[in-house]
Amino acid sequence: MPFSVATWNINSVRLRIDLVRHFLAKHRPHVLCLQETKCVNGSFPHRAFRDAGYRHIAIHGQKGYHGVAIISRRPLSDIANMQLCGKDDARHITATIEHRKRPVTIHNFYVPAGGDEPDPKTNPKFAHKLAFVREMRTRMKTIAKPGAILVGDLNIAPLETDVWSHKQLLKVVSHTPVETEGLERARAAGQWVDLMRHFVPPEEKLYTWWSYRSPDWTKNDRGRRLDHIWVSPDLVETAKSLSVLREARSWERPSDHVPVIASFS
DNA sequence: ATGACGGATCTAATCCGA
């Protein structure tokens, strides 16, 4: 019996609930982690998920911005959220699910975008992003353990092949060296395995996000890999497949991010 | 050719995303 986890920055769960329904009906992941739900917990579309067979939901939302959720076909336990950088801004939620009598703990993150200017001295949003990633690293002592999965919109494209042009994006927020090095330090501190790159060789381009501002996202394929699935080393041998649902970027009124799905035996 | 868009919000223009 396989076990699958999906992550998707939905950019408003209420606006795109029909796309989520379609995705769940077609792919049936055991767990779906959403980011940018953009609604308070009281406005979360519980019924649509319940009707789709996903009765177990952990949400951490707020008005208008950010917001994360873990949606599951099986019971969730140990639901909690962390406040990084001392802010209660709905950027993390965790829950645990049983798989083959073993607990699998999922951490769902939405890392700050970081604004335009990649200078922490002049841009407080970029300073916040760097501090957030540093704090993720210091918290790995508690969250990185056997049977753990860390997913989410980490808003950083770490490898040269995670962006359409490494050279042109070196000074663009999401791919600057201070960000990619910070993310790598956080990953290494938890001994996490970058599961997407376990399946897709680092030589190959791999994206999960394409800007809304391009009139035709398929034309030049100027994407970035901002969404990630990291797993603890013990889970690597059980991982069976990984897919990036590129087609979702062409759905009607799409999110600018597409779902990433990992399957485990 | 990093914005030409798109979402939420005290429905109008402003903030935010990355």
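In what follows, every chain begins at residue 1, and chains take the letters A, B, ... in the order their sequences are listed. Both backbone and side-chain heavy atoms feed into the values below; hydrogens, waters and symmetry mates do not.
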If you measure from the [atom1] atom in [N] to the same atom in [M], how many Å do you get, rounded?
| N | M | atom1 | answer |
| --- | --- | --- | --- |
| B:dG17 | B:dG3 | C1' | 12 Å |
| B:dA4 | B:dA18 | C1' | 16 Å |
| B:dC10 | B:dT14 | C1' | 12 Å |

Hey, what else clusters with [X] if you join Ile, Leu, Val, Met, Phe, Trp, Tyr whenever side-chain heavy atoms sit under 4.5 Å?
| X | value |
| --- | --- |
| A:L226 | A:W209 |
| A:L15 | none |
| A:L34 | A:W8, A:I10, A:V13, A:I17, A:L19, A:V20, A:F23, A:L24, A:L32, A:F44, A:F49, A:Y54, A:I57, A:I59, A:I71, A:L245, A:W251, A:I261 |

query: What is the nucleic acid contact for A:W210, judged by heavy atoms within less than 4.0 Å: base, sugar-phosphate only, or nothing?
result: nothing

message: Just checking A:E184: does its CD atom have more than 12 heavy atoms from other residues, nucleotides or ligands closer to it than 6.0 angstrom?
response: yes

message: Nearest whole Å is fine: how far is B:dG6 P from A:I10 CD1?
response: 16 Å

task: Could you pick out which residue, A:Q168 or A:R253, lies toward the 5' side of DNA chain B when each is mapped onto its nearest nucleotide?
output: A:Q168

message: Can you work out whether A:W164 or A:R16 has the more 5'-proximal nearest nucleotide on DNA chain B?
response: A:W164

Report, one line per pair, each donor and acceptor closer than 3.5 Å where one atom sits in a side chain of residues 229-242 of chain A; sequence neighbours left out.
unit_1, atom_1, unit_2, atom_2, d
A:S232, OG, A:G147, N, 3.1
A:S232, OG, A:A148, N, 3.1
A:S232, OG, A:A148, O, 3.4
A:S232, OG, A:D234, OD1, 2.6
A:D234, OD1, A:G147, N, 3.3
A:D234, OD2, A:G147, N, 3.0
A:T238, OG1, A:L235, O, 2.8

query: What one-letter contact string describes nucleotides 8-18 of chain B from 5' to 3', where B marks a base within less than 4.0 Å of any protein heavy atom, S marks contact via sugar-phosphate atoms alone, and - marks no contact?
result: SSS----BSBB

Any residue meeting ring pair (Phe, Tyr, Trp, His ring centres under 6.0 Å) with A:H30, in chain and number order, not counting sequence neighbours: A:F3

